Every structure is written in structure tokens, then in C-alpha cells.
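Heads up, the thing below is written out as C-alpha cells.
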Number of protein chains: 2
Amino acid sequence: MKSTIKDVARLAGVSFKTVSRVINNEQTVKEESRSKVWKAIKQLDYQPNLSARHLRGAPSSIALIYDNPNSNYIIEMQQGILDQCREKRFELVIHPCDSSSPDIVKELTQIVFHSGVGGLVLTPPLSEMPHVVAKLEEENIKHVRIVSGSSSPDDSSLCVYVDDRAAAHRITQHLVEQGHRKIAFFGGDSAHASSEKRLTGYKEALQANDLEIDEDLILPGHYSFESGAERARHLIDNGKLPTAIFGCNDDIAAGAMFYAQNNGVNVPEQLAIAGFEDNPFSRHTWPRLTTSRQNNNAIAQRAAELLIAEICPGRYDINVMADNGFEPQLVVRDSTAQQASPK
Amino acid sequence: MKSTIKDVARLAGVSFKTVSRVINNEQTVKEESRSKVWKAIKQLDYQPNLSARHLRGAPSSIALIYDNPNSNYIIEMQQGILDQCREKRFELVIHPCDSSSPDIVKELTQIVFHSGVGGLVLTPPLSEMPHVVAKLEEENIKHVRIVSGSSSPDDSSLCVYVDDRAAAHRITQHLVEQGHRKIAFFGGDSAHASSEKRLTGYKEALQANDLEIDEDLILPGHYSFESGAERARHLIDNGKLPTAIFGCNDDIAAGAMFYAQNNGVNVPEQLAIAGFEDNPFSRHTWPRLTTSRQNNNAIAQRAAELLIAEICPGRYDINVMADNGFEPQLVVRDSTAQQASPK
DNA sequence: GTTAATAATGACAACGTTGTCTCGAATAGG
DNA sequence: CCTATTCGAGACAACGTTGTCATTATTAAC
């Protein structure tokens, strides 16, 4: 059942080193031997033993490092990486961590030495912490970062970009087009660069439409339902209710919507609300939430592709045409339906 | 930065084999050497290389195998297993799969040979497929199953039980106590044993209260929001609306609630709705959902503990007092508030 | 005080793979 | 036909651990 490289070699009638060459796609093997070896591999269902590879210094696993409370985000990322791993016959190691821990960098380097992974995929907020990235560079640990922003060529490390600024611009533009002039912004955790970028996009869109930026409508907070509800309460209690709210993620937006509707403010008639991220539940809120959808699966796949190519130079040709920048898409649902529109 | 067992040995002034013994908690080491070795280990931040261990046949990783669309469930399980892995210095490999694939058993055996994991953690519905379990037994692949049911000693493989029947009984009992006599049951996917167990608990509770079981109120379907909404529509359109619905998970319940409220049926005044699983969003629906909460983290931790103990006999003493049966808890929220209760 | 038993440790092979080096065979150049 | 070059493939070591067995230090028994 369990077959080794030597079993394959015996069956194919070559030395086990030749089998190794075939597997690793080296060029110095005659076509004849190559096909014999492949036939034997198929016949025996042979798969190279990962541990032995690692030991010899040829990694074939990567790690996903995360500190993110959003389980849906993580699952989508994970799935994307796994899709890529399956294709390249890599294994995935999962490592959640506490990004605020003082030992975080030590923890990361240890993972590499301990479990022999070839590289790390970093998600926000870890991917956006300079001291973490610097340490990885210094220790020469391969990694790819998923970050909020648009491509900037001065980045030394591999990056995949999600253009939060542009997406926030688009969603704000949508609200403006629905006739809104007073649009509040509910920010997310300040540790995430995404929150800042989304604020920038929001401001840009307002300016592009010659609307004034009202600092009283820009409320900091956290990426949570409770934080969204709390800020809605604040605005309603103080009689400063705008006609629209842009929540920095769907949890915030749902929280705000929940509070508003429970306190006599109808959505979207009196108050339009938009979210961000397209969490699955946002299709099931009432009304359904307008939001911004990013293809986390594709983003993660690309990140894994880049990382694996970096780990095994020359083994796989990378898709150079594919872009490392991703732009989320506007998803219009009921929570921002036009005020004048027929029910 | 990267230190091996030999570095430790040199620093401690013993042979590297002695270090190995200390790490593996073998008894034949003098106390004096043992403390010297531990000191050196601490000083060098030494961590054994997993790949080398695997290679030599001492696995220190396990795999989580799943085919489950519920991302929250998976993340909670994953986190529980990781907590246990961290304690035992194990690594976790993630492997989603398609349980309906004809090659599923082959796929599982390959994971073991390929990546050298010591064993598998199986979640529903995979853990409840006899042909999968039988093959693993046959191939002598260590595994632990998380299954729906109560402990039955004739199980040959390691199991952790979640007593869905009892939990469903409790939730139905709660509905009866709220004064309901006509309670519909919205089932989940038939591939999951959990759905069947929950139905049994529902029926038991009705019988215990001398209530008739009305087969017209037992509706099969899927574990999804849409399926819940669809069945609510069916009941409402046919004028067969009961006074309460027990949805087999929170998605179903939320879907039913969504449809009911959008079609002039108030929850809980005209219709009480209870879910199952305590998905995070069920705290944020309106009204908030009564449901049944299972401690997936604890369940997964226990499963991992059992599996690791099985893989390394004698290395860790297992907590024999801890139970392998888990009973979900009733979480009463607003969606089943008593009809006569003051707003 | 000698011998037998036991406790503690070390030497060495082995796990399955890849990198380095070497060697033979085939090819090309004169 | 001989030599220089290139191509293909094998021998062997190495990676960092653990298992087996041999060896030494310690204790117990008489």
C-alpha cells in the first residue's frame, strides 16, 4: 500500500535517483526512462514522502498564519490556499496566533524551523506589521503578504494587494448616486490598515462629488456587530442621524442596522446602510445588505502560487499575466435601495 | 538560530541520544542529566524537527478531515484541535474533501502515507459513513470520530459523542413549556446522522408530553437558510402554520423566520422559532434566536487528546475522568419568548 | 571484597528523500 | 580511428531524529 521511491525504481528498472529526477522534473533524463518511471509511479500510486523531502531541505508545505476573528474570511482564504496546494502537491499547516503578543516574531521563526514549512502566508493585521515583516526578511524566511492597498513596486517582499481604497470609493459613490449627502463612516479596528484605506476611499469619493467631509460623521470603533450598534445608538441619541451609513465591514453594518430598526428608524427608507466584505449572513439580514465583495479564494490562491514559486525556483512556471492586485466588487442589495424607488 | 538535538547535547555535555530520551520523557535518565538537558533546551530555544521525527516513524502531526459547509463549525473545531496540538507540540494538517467522491477512502489513506500524519480527526458527515470507517480500521489508520449520538461501547474506533437527541428533546420540551402544542420540525440533510437524531429527540419530547406526532409537520430539507425559508413558505401558503417551528440548525431557523416576518407572520407572537448550533449570527437576527449551543472547542480538544494519546501510547496520560459525551445547552433568546409574556 | 544485577548512557543504523560527485556511454570534431 | 565533449544515470552522503543494541557506571547481594 505504502510505496517508496525505491519500489518505483525497481518496477521501472532504473536507479532510485533517476526516479527522483523524474519527479522533480529535471531535464537530464531520457524520454524513455521518464515514461517508464511515470508508468511505475501511476501503477503504484506513489506519492513522495513529505517528511523526507523536508528533512533534506526541499520543503513542500506552507503555513497560513492568521489572527483574525472573522471565521468566514479565514475559511475562504484557507480554501483558496488549499486549492493551490493540491495542485502543487503541497501541504498546508494552519497557525493562528496573537498578533499583539511580544513573542510573535519568535513564534513565527520557530514554526519554520520546527515544522519545516517552506514559507508563510500572512493575512492582515499581521501582514501589515512592519516589525514582523522586517524580522522575516532578516531571517530570510520566505513569505507572501496579503495586504490592503494597491501595488507599490518598492515592496521588498511578495505581496498580494486588495484595493480597499478603490472599493470604499465605489461604495461611497453608490451611496451618493442614491441621493445621499450626509454619509457616516463607521471605521474598524485601527490595527488593520484596511480601515484606514477604506476611510481614504470614502473621503475621496465625497471630495470627487464636492461634498464636505464632516468629521462628526467619522466614527472609530471595532470590526464587530456590537460596535456598529453602539455607534448607531450614539448618532440616534444625539440627533445627528445621517441619511446613510457606510460600515467598514458587514458586522458593523448589521449592528447599526439592527439598532436602527429596533429604535424606529426604517432601513433603507430613513437610513441607508452599506457594509463591506460580503459575509454570508449579509444576504440574510433584513433588509439584505449592500456590500463589497472580494474574491478571497482567488486572492489566497494567487498568494499561495507566488509563495510556492518562490520556494521552488524553476519548478513551476508562474502565471506572469495574472495580476497581484484585486479589486472588490460592489454588491447592491436592499439596504441602500433608492428612497424614491417603488417598494 | 536553528538548533538541533546535537547542539543541545554539546551544550549539556551528554550524548544526543540522552537528549532524545529527555525530550520523549523516557524514564531511564538520571535527574541530574535531565535538568542539564532541559536547561540547554531552554537556552537554545530548541524544538525538535518534526520531519525527522515523522521519517523515523514517530508522527507528531494529525489531520482534520472535513466536508462541511458550515465555516463557523469548522473554525471552532479547528481551533479546539489546535489548542490541544499546541499543548502536545503537534502540528495540524487541514484536509477538506468531498465525502460523496468515490475515491474518498483512497484519498484518506494517501494523506497518511504522503504527509506522515499520525492520525485523522473525522467530522460529520464523514465520521458517520460506515465504508469510510471500515476502510480506516482495515488499513489500521488511527482516527477519532466526532459523531452524533450517545456513547455506545460497541464502537471499535475512538469516538467523541454529541448528544443531539437529548439536545433536541430539551429544545422541544422548552417549546412545549412555552405553551405550544403544534410544533413543526424542519430537518437537515439526510446524509448527516445528526438530523435523524434530532428528529428522534423531537418525537420523544412530544410523546413525553402526550402530544400527537403530526407527520405533516415534519418537513425534510437541507441545512440552509434557503431551505428553511422554502419550508416556511410551504406551511404558510397551505394554511398549515403551527405555533412553533424547530429548525434543525440556525440557518434553517433563520430562513424560516426571515420568510415568516416578511410575510406578515410575527415572531415570536404568532410563531415561535428555535434553531440549533448557536451560529454567531443567531445573536444578531431579529428577534434573536433561541437555539442549542454545543461547545465545539471542547469537543474538538477532547477528540484531539484521545487521538494523540492513541498515537503516542504511554507518552501522555490521558484525562480518564473527562467524558467523551457532550450535551449541548439550551440557549433561550427572544424568538421563543412566551406568547403571554410582557413585551 | 568480589560478583551479579541493574541503571544510565553511548554508538550506530535506519527512515525516504535530494545534492554532489563520479563514471560510462553516446556523440561530435579532427 | 582517436580524442574531447556532452548527456544520462548511478553511488554515496547527508538531513535530524528514534530504535536497537552494546557498554559503562552504579548498586545490591553474598
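In the text below, chain A, chain B and the rest are named by the order of the sequence lines, each starting its count at 1. This one's a predicted model, so the numbers in the text were calculated from it and none came from an experiment.
Taking the 5' to 3' direction, DNA chain D first and last meets chain B under 4.0 angstrom from a heavy atom at D/dG16 to D/dG19.
Annotation: of the two residues near DNA chain D, A/Phe16 and A/Thr28, the 5′-most nearest-nucleotide partner is A/Thr28. Each of B/Leu55 and B/Glu31 lies near DNA chain C, and the nucleotide nearest B/Glu31 is the one positioned closer to the 5' end. If you find the closest nucleotide of DNA chain C to B/Arg56 and to B/Val29, the one lying nearer the 5' end belongs to B/Val29. Nearer the 5' end of DNA chain D, as judged by each residue's closest nucleotide, is the contact made by A/Val14, out of B/Arg53 and A/Val14.
Residue A/Thr4 is classed as a sugar-phosphate contact, given heavy-atom separations below 4.0 Å to backbone atoms only. Residue contacts for B/Lys17: at a heavy-atom cut-off of 4.0 Å it reaches a base atom on one of the strands shown. Across all strands, A/Ser51 comes closer than 4.0 Å to no nucleic acid atom at all (heavy-atom distances).
Contact check for A/Ile104 versus A/Cys97: side-chain heavy atoms found under the 4.5 Å cut-off. Side-chain contact between A/Tyr73 and A/Thr123 is present, with at least one heavy-atom pair separated by less than 4.5 Å. Side chains of B/His54 and B/Ser61 form a contact here, defined as non-hydrogen atoms less than 4.5 Å apart. Side-chain contact between A/Ile62 and A/Leu120: absent, with no pair of heavy atoms (C-beta onward) separated by less than 4.5 Å.
When rounded to the nearest whole Å, the span between CZ of B/Arg34 and P of C/dT9 equals 9 Å. Counting to the nearest Å, the C1' atom of C/dA26 and the CD atom of A/Glu32 are 14 Å from each other.
In the model, B/Ser157 has a side-chain atom that pairs as donor or acceptor with a side-chain atom of B/Arg145 under 3.5 Å.
Among A/Val133, A/Val121, A/Ile65, A/Leu108, the one residue that satisfies the side chain to side chain contact (heavy atoms under 4.5 Å, CB included) test with A/His143 is A/Val133.
Taking five base pairs at each end of the helix from C/dG1-D/dC30 to C/dG30-D/dC1, the local helix axes there meet at an angle of 40°, rounded to 10°.
Cation-pi geometry between A/Lys2 and B/Phe113 is not met at under 6.0 angstrom from the ring centre and within 45 degrees of the axis.
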Determine whether A/Ser101 and A/Asp103 satisfy the following criterion, side-chain hydrogen bond (donor to acceptor under 3.5 Å, both in side chains), listing intermediate values before the conclusion. CA-CA 5 Å; A/Ser101 155; A/Asp103 295 330; 4.9 Å; no
Is there a side-chain hydrogen bond (donor to acceptor under 3.5 Å, both in side chains) between A/His95 and A/Glu107 once you walk through the steps? CA-CA 10 Å; A/His95 198 96; A/Glu107 192 177 334; 2.9 Å; yes
